[in-house]
Amino acid sequence: MAAKARSFNQININATSSSKFSFKLHLPPRSTSLHAKKSTPSLVRCAPTSTSTVFKDKDPCSLERYMASKAMTVNEALDRALPLGHPERLFESMRYSLFAGGKRVRPMLTLAACELVGGDEAAALPVAYAVEMVHTMSLIHDDLPCMDDDHLRHGRPTNHVVFGVSIALLAGDALLALAFEHVARGCTEHGVPANCALRAVAELASAVGTDGLVAGQVVDLASDGTDVDLATLEYIHVHKTARLLEAAAVCGAIVSGGADEEIEGIRRYARYVGLLFQVVDDVLDVTRASEQLGKTAGKDIATDKATYPKLMGMDGTLAYVAQLVASAEAELDRFDGTCTEPLRHLAHFIAYRQH
């Protein structure tokens, strides 16, 4: 275990790292200050919103209330965006997975980033629920027999088990197309400048394709049955998991009119949090039961899959979790303190969640 801990100590997630375990997170260069924002002396235009009320007392239950409020907003918007239609079987399949009971972490990131740069939540909401559509697509496809071949998701049978492989595949495709339709329509309806709308579309598309989800999945599949090192494992999870969480936050800042330096600070925060999400997932896979997780537990061990605990040991992995939380919070230090509270709480929620 000591050797594992030494390996962890060699890991530096910062983009400037020269370690042999430099993970190539592709983080934008860290600026010394974010205060050179356009021509405005204040870094963050965080208008008085529910955020300051929700977090004013530092109550540990504050994040639960905040997440519940945002989840309700997103769920209501998703219900309006995807009513039942024809062909009925397709829409049932799409809604089955979209309303399966997820935590809505990604849309919360979008809305919290919007608040952080003083934006209008109504303008960011279509982007928030579009990101959740993309995420749901990725889960449907990831569970397919040709991918992870999983039969349990959110405590119930996966989409292809209920609707068949063909419908599940097409439901994922439809959700992906619908997501971009709602980004485009939502930005137009809420007066988001065209250049910001196009930038958000490009950001989200990049997170899905050859610089994101698809790339990570391909390397993951190619790594089955091989000896995977930490650099390869990190590549897989940055692309499969972290990249979409990053895009969720970045798009929220973009459509809300955030300055470039604000956007890149939020990007770095979200990249750390995105990788944190997967590292904790690896820990939970070996420490929790399927009933607790709502998905098949212990599958990584059963298939001898490369994970952070396997390569770094549990102590090293937990130390890495702490480092990622600290790095994420450090990116928020240059923003207005009150407005960063949801994002700070979210990093800790992800780190210490039980499922």
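In this chain, numbering begins with 1 at the start of the sequence shown. No hydrogens, no waters, no symmetry mates; every other heavy atom, side chains included, goes into these values.
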Check against side chain to side chain contact (heavy atoms under 4.5 Å, CB included), Glu234 and Val238: CA-CA 6 Å; Glu234 190 268 356; Val238 162; 3.0 Å; yes
Test salt bridge (charged side-chain N to carboxylate O under 4.0 Å, His left out) applied to Asp260 and Arg199, step by step: CA-CA 12 Å; Asp260 286 346; Arg199 187 176 176 186; 3.1 Å; yes
Salt bridge (charged side-chain N to carboxylate O under 4.0 Å, His left out) between Arg185 and Glu189, intermediate numbers included: CA-CA 6 Å; Arg185 291 184 186 276; Glu189 291 171 2; 5.8 Å; no
From CA spacing to verdict: ring-ring contact (aromatic ring centres under 6.0 Å, His included), His345, Phe349: CA-CA 6 Å; His345 281 65; Phe349 167 79; over 10 Å; no
Stepwise side-chain hydrogen bond (donor to acceptor under 3.5 Å, both in side chains) check, Asn159 with Ser93: CA-CA 7 Å; Asn159 196 293; Ser93 174; 2.8 Å; yes
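The shortest distance between side-chain heavy atoms of Leu144 and Asp149 does not fall below 4.5 Å. When side chains are defined from C-beta on, Gln278 does not count as touching Leu245, because their heavy atoms never get closer than 4.5 Å. Proximity of Glu92 to Ile167: side-chain heavy atoms (C-beta onward) are nowhere separated by under 4.5 Å. By the 4.5 Å heavy-atom criterion applied to side chains, Val255 and Thr110 are not counted as neighbours. Glu329 has its side chain out of reach of Tyr269: every pair of non-hydrogen atoms, C-beta onward, lies at least 4.5 Å apart. Two residues are said to be in side-chain contact when any heavy atoms from C-beta on lie closer than 4.5 Å; Ile254 and Val127 fail this criterion. For the pair Thr307 and Leu311, the minimum side-chain heavy-atom distance is 4.5 Å or more. Residues Ser138 and Lys240 are not in side-chain contact: their nearest non-hydrogen atoms beyond the backbone lie 4.5 Å or more apart.
For the pair Glu115 and Lys70, the salt-bridge criterion is met [side-chain N within less than 4.0 Å of a carboxylate O]. Ion pairing between Lys305 and Asp220 holds under the 4.0 Å rule for side-chain N and carboxylate O. Using a 4.0 Å cut-off between charged side-chain N and carboxylate O, Arg267 and Glu203 make a salt bridge. By the 4.0 Å N-to-carboxylate-O rule, Asp281 lies close enough to Arg353 to be salt-bridged with it.
Listed for the Asp148 side chain is no donor-acceptor partner under 3.5 Å among the backbone atoms of Asp150. Side-chain atoms of Thr317 come within 3.5 Å of backbone atoms of Tyr308 as a donor-acceptor pair (strictly under, hydrogens ignored). No donor-acceptor distance shorter than 3.5 angstrom exists from the side chain of Ser69 to the backbone of Arg65, with no hydrogens or angles considered. Within the 3.5 Å criterion, the main-chain N or O of Ala328 finds no donor-acceptor partner in the side chain of Glu331. Checked by atom type and distance alone, the side chain of Thr188 pairs as donor or acceptor with a backbone atom of Ala184 at under 3.5 Å.
With rounding to the nearest 0.5 Å, the separation of CG in Asp282 from CE in Met314 is 9.0 Å. Here the CZ-OG1 distance, from Arg156 to Thr158, works out to 10.5 Å after rounding to the nearest 0.5 Å. Going from atom CG of Leu176 over to atom NE2 of His141 covers 8.0 Å, rounded to the nearest 0.5 Å. Taking CG from Leu175 and CG from Leu170, the interatomic distance works out to 11.0 Å, rounded to the nearest 0.5 Å. To the nearest 0.5 angstrom, Thr226 atom OG1 is 7.5 Å from Asp224 atom CG. We find the NE2-CE distance between His135 and Met137 to be 10.5 Å, quoted to the nearest 0.5 Å.
Closest heavy-atom contact between Ala242 and Arg271: CB-O, 4.0 Å. Gly258 and Glu262 make their closest contact through CA-OE1, 3.4 Å (heavy atoms, listed as atom of the first residue, atom of the second, distance).
Counting only residues at least two apart or on different chains, the ring pair (Phe, Tyr, Trp, His ring centres under 6.0 Å) pairs with a member in residues 82-131 are Tyr96-Phe163, Tyr129-His182.
Environment of CG in Asp227: sparse, with no more than 12 heavy atoms of neighbouring residues, nucleotides or ligands closer than 6.0 Å.
Linking Ile, Leu, Val, Met, Phe, Trp and Tyr residues whenever their side-chain heavy atoms come within less than 4.5 Å leaves Leu275 and Leu213 in two separate clusters.
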